[in-house]
Participant: 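One structure coming up, written as structure tokens, with questions to follow.
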Amino acid sequence: MRSVIIDGYVDEPACLGVPPYISPYPRYIAGALIDAGVSAHDVHYYTIDQLRSEPRIIEVMDRADLIAVIAGLTVPGRYLNANPITLPEIGDFIARYNEKIIIGGPVRLNQESVLRNECVAKKDLEARIFDRLTEKSDTDRWRTTTEIKRWSVKGAHIIRQHPSFPNNMCEIETYRGCTRETHCSFCTEPLYQNSSREILEVVDEIKALYDFGARYFRLGRQPDLFTYKGIETNDGFKPNPSAIEKLYKGIRTAAPELRVLHMDNLNPATITEFPNESREIAKTIIKHHTPGDVAAMGVESGDPSVIRKNNLQLHPEDVIKAVELINEVGSRRGENGLPELLPGINLLHGLKGESKRTYQHNLELLQTIHDKGLLLRRINIRKAIKFKNTPLEETKTHINKKLFHNYRNTIKRKIEVPILKQIAPKGTTLKNILTETHHGQITLGRQIASYPLLIKIRGKLKLRIFIDAVVTNHNHRSLTAIPIEKQHNNHP
Ligand code: SF4
């Protein structure tokens, strides 16, 4: 059974799979194929960018018995060196490969007609593939945690076929689904069945990936790392510091020479409700992670009316407390040149109840944070997408383009650039920058990290090498730097 996995990339609020990241999807699919009896030699993995540039891959697909295509950007961004799969490309695949193709990933959450085709998995792609091979059935279902325990390890070798290998970041799942009883109006996470992995199973997967050469890991596939293995109480899920300690210690033992261990996604409401447990967890993370880490927080809005109408959980004063706590524990500079752990803030527009005042409320919130001398590693502002089966689906909303544009520029000028100057002042040495592409006479590079800063270096340096460089200037979300160290091919 020759199989081909085409990675069209995913970008969800709680999962990233755009190179250099590799999401769990292709790894689980590879594991499901092998678990169903396919030989590992017959599992071929390519990214959509490889497919576009290497025509021979089409021949491999033509000869394959089964093709799995992963697709879905529920929070699309702009990517350096990567172009996600397009709907016309998916349409072409369906027309060409019809019976032998199955498409899945968060793509199922979209509403485009091409994606209503019966070859699109409505639940977990890996489960449907496994059932097709073992039961000869093509029904949609969620995978079980026992299956993920097996598939995550059996499919780990696939990372070696990723074009960024060995410099790819493995996105790791701890749990998915939302533990709240009522949900934020825009969010797609509650559409997933809640499932939480055991700590040892996560560690076993990391060990398997590490044994195949993975050195970069991000605990990114969950809506709130601090409530992983949390304890259910009347006030919500209480964080479980000893579980997080066990997880991080286990990872460090399984992957002793890892080069990056970062996190993603923290619900700031967890910090306001459980500050002591949250502080303990933040300290544990600092102890075992690598610096330059980011706790991205879904704040969404500082406007009380938007907060109420969209069932958001927290108010500006709560956000400030959460930002303070992460700063208190994590703002010390680490050995790679960046602070250990800083908060990020996500803001969302196009929600119910939004008005001109919303922009003002959000600016006031950010200004207060800045005035208090607190650091934010990133501010992500995006427009909400109305997904099917979310409360926002039927809501009529309007974004005033001019206002939005001015607001973003004000945030850049008054908040982002000044904070970036504090995070990486001129003269800071940033270590292990991977040179990735040329843009005219400039080399663009990034540290392999959660939300890496873009670093611009004058001159055309050799690509795919690691360098250290000194910061000379700041732009919005990027730095200019000059190399100071002899180039080295491997991250030390
Ligand atoms: S708390 Fe809100 S944003 Fe977070 S996962 Fe639940 S519904 Fe989504």
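Given the structure is predicted, the values throughout are model-derived calculations rather than measurements. Every number for a ligand or one of its atoms is a count from 1 in the order of the listing.
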Participant: Where do G353 and T358 come nearest, in terms of heavy atoms and distance?
Facilitator: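 The pair with the smallest heavy-atom distance is O-OG1, 4.4 Å.
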Participant: Do K386 and T397 have side-chain atoms, one donor and one acceptor, less than 3.5 Å apart?
Facilitator: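 A pair is found: one side chain offers a donor N or O, the other an acceptor, under 3.5 Å apart.
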Participant: Looking at atom 7 (S) of ligand 1, is any protein heavy atom nearer than 4.0 Å to it?
Facilitator: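 So atom 7 (S) of ligand 1 has protein heavy-atom neighbours under 4.0 Å.
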Participant: Find out whether the Lys NZ or Arg CZ of R215 is both under 6.0 angstrom from the six-membered ring centre of Y210 and within 45° of the ring's axis.
Facilitator: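 R215 over Y210 ring: yes.
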Participant: For K246, is the NZ atom crowded, meaning more than 12 foreign heavy atoms sit under 6.0 Å from it?
Facilitator: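 For K246, atom NZ is not crowded (no more than 12 foreign heavy atoms under 6.0 Å).
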Participant: Please determine whether a side-chain nitrogen of the Lys or Arg among R279 and E328 lies less than 4.0 Å from a carboxylate oxygen of the Asp or Glu.
Facilitator: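 Counted as a salt bridge, because a side-chain N and a carboxylate O are separated by less than 4.0 Å.
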Participant: Under 2.8 Å from atom 2 (Fe) of ligand 1, which protein N, O or S atoms are there? Could you list them by chain and number?
Facilitator: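 N, O, S partners closer than 2.8 Å: C184 SG.
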Participant: Less than 4.0 angstrom from a charged side-chain N to a carboxylate O is my criterion; do R143 and D124 meet it?
Facilitator: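 Yes, R143 and D124 are salt-bridged.
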